Amino acid sequence: MDERQLRILRELGDLGSVSAVAEALHVTPSAISQQLRLLQRSIPIPLTERAGRRVVLTDAGQALAAAAIKVETALAQARHTISDFAEQPDGDVSVAAFHSAASAFFPLLLCSLVGPDRPRPALADEDVAQDRFPALTRHYDLVLAHRLDHSPPWPRTVTSTTLLREPLDVALPAGHPLASKPLLTPRDVADQPWITVHDGFPLMSTIEAIASVANRRLDIVHRINEFAVVAVAVAAGGGLALMPRWTARPHPDVVLRPLSGVHARRDIDVLHRPERTTRKAVRTVLAELHRAAGQIQGRDR
């Protein structure tokens, strides 16, 4: 049995005929009769009987019709509960982000979501390979993910919007001979030792593009994902690295220089399952993330 069938049974008890029920529900009498037959198949006791030319409820049918009132009441209450929950401005909203995005976005999010009737963010760091970000939307309301703009698009099972299109610059020690150049080329940097991310992370394809344009294999000496650690290693002379222009934390002994000759940029996208934004609190946090992205991009480095 389902809700619609129970409602038909209830209306039959109130209105007294199949034709009257059909008229009230704006369907044909044959459709009403079909639903009653489907309901009867799941019940071992007759629910209706003939009374002349009319179909009426048996005692069992009347008992089930009375129970149907309780079912409709409970479902209506459940709908109102869900509606109220969806419109709550101050519910909990879970947000996950990879490390550099978390470092840049989380402080701004925490500062903006203060006070009554504001969502309560529950923050988590998730530094995973690019193809694993969509799966995180099962566990979090919003997921900040990184993707090179020439990479395959996110799957259609998730909704995505871009927060930042962030350039990737070459990081090098402040005293390095190349630091005096305002713009670097792949040939400038190809003979240097390199610090890169682990395989499977988006920046590796840009590293490979640098090697391809320079027509030589790069000397990769260290594999470090966390940009704060990368900056320390660069400052200590461990090698050059690619670092995001806006979201990486500045280091006093590291300079960033733009790179020509390759497409060095990443997208920071926010992913979520479509149903998540039916909640007002989630929509509020999503809007704050976009506002934060504008602040991050506008910072004077």
Side-chain angles (χ1 to χ4, degrees), residues 79 81-110 112-113 118-168 197-206 208-209 225-227 242 244-248 263-297:
R79 292 189 189 99
T81 298
I82 291 299
S83 178
D84 291 343
F85 172 74
E87 290 305 312
Q88 283 181 358
D90 58 349
D92 293 336
V93 177
S94 56
V95 182
F98 59 96
H99 291 151
S100 58
S103 179
F105 280 89
F106 284 0
L108 296 175
L109 205 58
L110 289 169
S112 66
L113 296 174
R118 299 290 280 169
R120 295 181 297 272
L123 308 178
D125 63 326
E126 291 280 2
D127 195 33
V128 300
Q130 181 176 318
D131 60 358
R132 292 180 56 197
F133 278 111
L136 294 178
T137 60
R138 288 199 298 267
H139 310 293
Y140 300 99
D141 293 311
L142 300 170
V143 175
L144 272 64
H146 49 67
R147 184 181 72 88
L148 296 186
D149 57 5
H150 57 267
S151 299
W154 301 112
R156 294 181 179 180
T157 54
V158 299
T159 299
S160 67
T161 55
T162 298
L163 296 174
L164 286 175
R165 296 188 184 279
E166 184 175 30
L168 300 171
V197 294
H198 294 275
D199 288 333
F201 288 80
L203 267 62
M204 276 307 300
S205 60
T206 304
E208 291 162 359
N225 275 17
E226 172 52 56
F227 287 121
L242 285 178
R245 184 174 298 176
W246 300 317
T247 56
H263 201 65
R265 189 176 72 179
R266 72 173 181 179
D267 289 352
I268 298 180
D269 297 333
V270 56
L271 313 181
H272 61 84
R273 293 194 168 191
E275 66 272 16
R276 302 282 188 166
T277 50
T278 58
R279 293 180 54 207
K280 183 176 181 179
V282 175
R283 296 196 301 273
T284 298
V285 174
L286 184 57
E288 290 297 336
L289 285 171
H290 281 280
R291 189 173 293 110
Q295 292 179 252
I296 292 167
Q297 187 170 350

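Keep in mind that the numbers below use all heavy atoms, side chains included, and drop hydrogens, waters and symmetry copies. What you see is a predicted model, and the numbers here were worked out from it, not measured in a lab.
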To the nearest 0.5 Å, what is the distance between [atom1] ([X]) and [atom2] ([Y])?
X	Y	atom1	atom2	value
F98	T247	CZ	OG1	6.0 Å
D125	S100	CG	OG	11.5 Å
H146	Q130	NE2	CD	7.5 Å
L144	F106	CG	CZ	7.0 Å
L289	F105	CG	CZ	6.5 Å
F133	Y140	CZ	OH	11.0 Å

If you compare all heavy atoms of [X] against all heavy atoms of [Y], which two are closest, and at what distance to 0.1 Å?
X	Y	result
D141	D92	OD2-O, 4.0 Å
F227	L203	CZ-CD2, 3.7 Å
E275	T278	O-OG1, 2.7 Å
T137	P134	OG1-O, 2.6 Å
P107	A102	CD-O, 3.6 Å
L142	H272	CD2-CB, 3.8 Å

Point to revise | CA sep, side-chain torsions, deciding dist, call: L110, L123, side chain to side chain contact (heavy atoms under 4.5 Å, CB included) | key: CA-CA 9 Å; L110 289 169; L123 308 178; 3.8 Å; yes

Apply salt bridge (charged side-chain N to carboxylate O under 4.0 Å, His left out) to [X] and list each qualifying residue two or more places apart in sequence or on a separate chain.
X	value
E126	none
R165	D267
R273	none

Point to revise | Min side-chain heavy-atom separation V93-P121 under 4.5 Å | key: no

Is there a donor-acceptor pair under 3.5 Å between the side chain of [X] and the backbone N or O of [Y]?
X	Y	value
R265	L148	no
S103	H99	no
R291	S112	no

Review point. In this structure, which one of E166, R147, R245 forms a side-chain contact (heavy atoms from CB on, under 4.5 Å) with R266?
Key: E166

Check your understanding: Hey, which of L286, V285, V95 is the one that makes side-chain contact (heavy atoms from CB on, under 4.5 Å) with V270?
Key -> L286

Practice item. Decide if atom CZ of R120 counts as having more than 12 heavy atoms of other residues, nucleotides or ligands within a radius under 6.0 Å. Key: yes

